[in-house]
Undergrad: 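First the structure, then my questions, so here it is.
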Amino acid sequence: MTCPLVSGMFLTLSLATMALSSLHPECEFIFQLEREEQNCLQYIAEQGNRSTEGCRPFWDAVVCWPHAVVGETVHRACPAVFSFFKNNTGSVSRNCTTEGWSRPFLPHHIACSVDADIPEAEQSYYATVKLIYTVGYSISLIVLTVAVMILLLLRRLRCARNFIHIQLFITFILKAVAVFIKDATLFSSDDTNHCTLSTFACKASVVFCHYCVMANFFWLLVEALYLNSLLLSSFYHSRRCLWGFSLLGWGVPAIFIVLWIGSRVYFEDTECWDINENSPYWWIIKGPIVVSIAVNFMLFMNIIRILIQKLNPRLIQFNNSSQYRRLTKSTLLLIPLFGTHYMFFNFLPDYFNVNLRLCIELCMGSFQGLLVAVLYCFLNQEVQKEVHMQWLKWQERSYGVVPPAAKGSQIDTPF
């Protein structure tokens, strides 16, 4: 009964930890059990030279039982580790018989009011969350790949703006792949204890996931910087400027990841590197992400301020008024996609409202790449026209005649 009890309680929280890379409450449960086991084994070793009559002390995977004489009934309070699930003051008892210790009465999960099985409603909730983010990342992965191919293959679409869009798409693709790899490595089996798992593949998947997440946030920051530069001036984005953006988007996260890897290897090489509770080294990754979210939010506030000023009817020239209005619509539509929703949790503890975090960071976040691809690529009027032209050319080469229906009007979008 002990093993199913422990594993059942552990699995209850296993999925929730995927969204909270810096806090694993159920791992503290496992670690406290290990600490209590070590204390019990030390106590057993100290009692080894004493009388062998009666029942010897032993560890039953949950409670440490002391030496007892035959006929004695020993009562032990519910382990403190159960406080992670319920606050109770129950006790477990065993009789010392001539044949040894009896079975516990009442059993641990009944005496301490802890369910051995995962509640059906909670199990259904976690299964639904996993299904939603798996579908979301899968659809986003396919749509983003198509969008990248379109922007790369059509020469007329090659420009600084689309270069930045492509890099952002790639980070969303890598982020989706990293989630699938991490799922396969850490959560492929219900019996996997990711609190003690420590393999190269496991650590590599965690490092890759952290890098992809950091790169994604920094390319969102690049997009915000680019939009600001477009609104502030007719700045020409030279090749040197694109190299600077690339260094910010890909290079800066790599530097912080290398520093974090070094700190874990030399100072905190424990488990799979996915447990960062009370670790000062976690801020090597979390700090830059928090700063990028805050800076991104301020940049978008600045974009709104600039657009409000430029859309003043007395300051708008007749020739460029439509251009600013289109840019205003596109910018306002893109604001929710640049991490503004992360501001809600940015400065709150990682354990704050876990279920809401799961919904926003896993479910909604899995569809973020899809929305970005649709707005940046498929609803972009320039992309639509170029794809339409290529379609007409293909029909002309294949059939020699372009059908009149193929020359339909383009959808007017704010991009």
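Heavy-atom basis, side chains included; hydrogens, waters and symmetry copies ignored.
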Undergrad: Quick check: do Ile181 and Cys209 have side-chain heavy atoms less than 4.5 Å from each other?
TA: no

Undergrad: Quick one: does Met214's side chain get under 4.5 Å of Pro288's, heavy atoms only?
TA: yes

Undergrad: Assess whether side chain to side chain contact (heavy atoms under 4.5 Å, CB included) is satisfied between Trp219 and Ile164, documenting all intermediate values.
TA: CA-CA 8 Å; Trp219 275 104; Ile164 296 174; 4.1 Å; yes

Undergrad: Can you see which heavy atom on Leu299 is nearest to which on Ala224, and at what distance?
TA: CD1-CB, 3.8 Å

Undergrad: Could you check whether Ser93 and His75, counting side-chain N and O atoms only, form a donor-acceptor pair closer than 3.5 Å?
TA: yes

Undergrad: Ser229 side chain to Tyr226 main-chain N or O, any donor-acceptor pair under 3.5 Å?
TA: yes

Undergrad: Looking only at atom types and distance, does a side-chain atom of Glu268 sit under 3.5 Å from a main-chain N or O of Tyr281, one as donor and one as acceptor?
TA: no

Undergrad: I'd like to know if the side chain of Asn162 reaches the main chain of Leu157, judged simply by a donor and an acceptor atom lying under 3.5 Å from each other, with no hydrogens or angles considered.
TA: yes

Undergrad: Any sub-3.5 Å donor-acceptor pair from Ser140's side-chain atoms to Tyr137's backbone N or O?
TA: no

Undergrad: To the nearest 0.5 Å, tell me how far Phe200 CZ sits from Ser205 OG.
TA: 10.0 Å

Undergrad: Do Gln38 and Glu34 come close enough that some side-chain heavy atom pair is under 4.5 Å?
TA: no

Undergrad: Within a strict 4.5 Å, meaning less than it, do heavy atoms of the Val265 and Trp273 side chains meet?
TA: yes

Undergrad: Would you say Arg158 has more than 12 foreign heavy atoms packed within less than 6.0 Å of its CZ?
TA: yes

Undergrad: Roughly how far, to the nearest 0.5 Å, is the CD1 atom of Ile170 from the NE2 atom of His165?
TA: 13.5 Å

Undergrad: Between Arg94 and Asp60, does any NZ, NE, NH1 or NH2 come within less than 4.0 Å of an OD or OE carboxylate oxygen?
TA: yes

Undergrad: Please find the pair of heavy atoms, one from Ala178 and one from Cys212, that lie closest to each other, and give the distance.
TA: CB-SG, 4.1 Å

Undergrad: Will you find, in the side chains of Glu386 and Gln390, an N or O donor that is under 3.5 Å from an N or O acceptor?
TA: yes

Undergrad: So, for Ile44 and Phe58, which heavy atoms are closest and what is the spacing to 0.1 Å?
TA: CD1-CA, 3.6 Å

Undergrad: List the steps, then state whether side chain to side chain contact (heavy atoms under 4.5 Å, CB included) holds for Leu225 with Leu248.
TA: CA-CA 11 Å; Leu225 291 170; Leu248 175 61; 3.7 Å; yes

Undergrad: Any carboxylate oxygen within less than 4.0 angstrom of a Lys/Arg side-chain nitrogen, looking at Glu223 and Arg161?
TA: no

Undergrad: Could you go step by step and tell me if Phe367 and Ile132 meet the side chain to side chain contact (heavy atoms under 4.5 Å, CB included) rule?
TA: CA-CA 9 Å; Phe367 289 96; Ile132 292 175; 4.0 Å; yes

Undergrad: SG of Cys377 to CE of Met149: how many Å apart, nearest 0.5 Å?
TA: 12.0 Å

Undergrad: Working to the nearest 0.5 angstrom, can you tell me the gap between Glu382 CD and Leu151 CG?
TA: 9.5 Å

Undergrad: Is the closest side-chain heavy-atom distance between Ser138 and Phe180 below 4.5 Å?
TA: yes

Undergrad: Begin from the C-alpha positions of Thr145 and Phe169 and carry the test side chain to side chain contact (heavy atoms under 4.5 Å, CB included) through to its verdict.
TA: CA-CA 8 Å; Thr145 302; Phe169 292 172; over 6 Å; no

Undergrad: Looking only at heavy atoms, what is the nearest atom pair of Pro57 and Tyr43, with distance?
TA: CB-CE2, 3.8 Å

Undergrad: Thr171 and Leu168: which non-hydrogen atoms are nearest, and at how many Å?
TA: OG1-O, 2.6 Å

Undergrad: Testing the basics here: between Val207 and Trp260, what is the closest heavy-atom pair and its distance to 0.1 Å?
TA: CG2-CZ3, 3.9 Å

Undergrad: Measure the CZ-SG distance between Arg35 and Cys40 for me, rounded to the nearest 0.5 Å.
TA: 15.0 Å

Undergrad: Measuring from atom CD1 of Ile261 to atom CG of Asp269, what distance do you get when rounded to the nearest 0.5 angstrom?
TA: 11.5 Å

Undergrad: Can you say whether the rings of Trp101 and Trp65 are parallel (under 30°), tilted (30 to 60°) or perpendicular (over 60°)?
TA: tilted

Undergrad: Between the side chains of Asp183 and Tyr133, is a donor N or O closer than 3.5 angstrom to an acceptor N or O?
TA: yes

Undergrad: Taking the six-membered ring for Trp, are His210 and Trp282 closer than 6.0 Å centroid to centroid?
TA: yes

Undergrad: Are any non-hydrogen side-chain atoms of Phe256 and Ile285 less than 4.5 angstrom apart?
TA: no

Undergrad: Could you tell me whether the side chain of Leu41 reaches within less than 4.5 Å of the side chain of Glu37, counting heavy atoms only?
TA: yes

Undergrad: May I ask you to test the Gln167-Phe245 pair for a side-chain heavy-atom distance under 4.5 Å?
TA: no

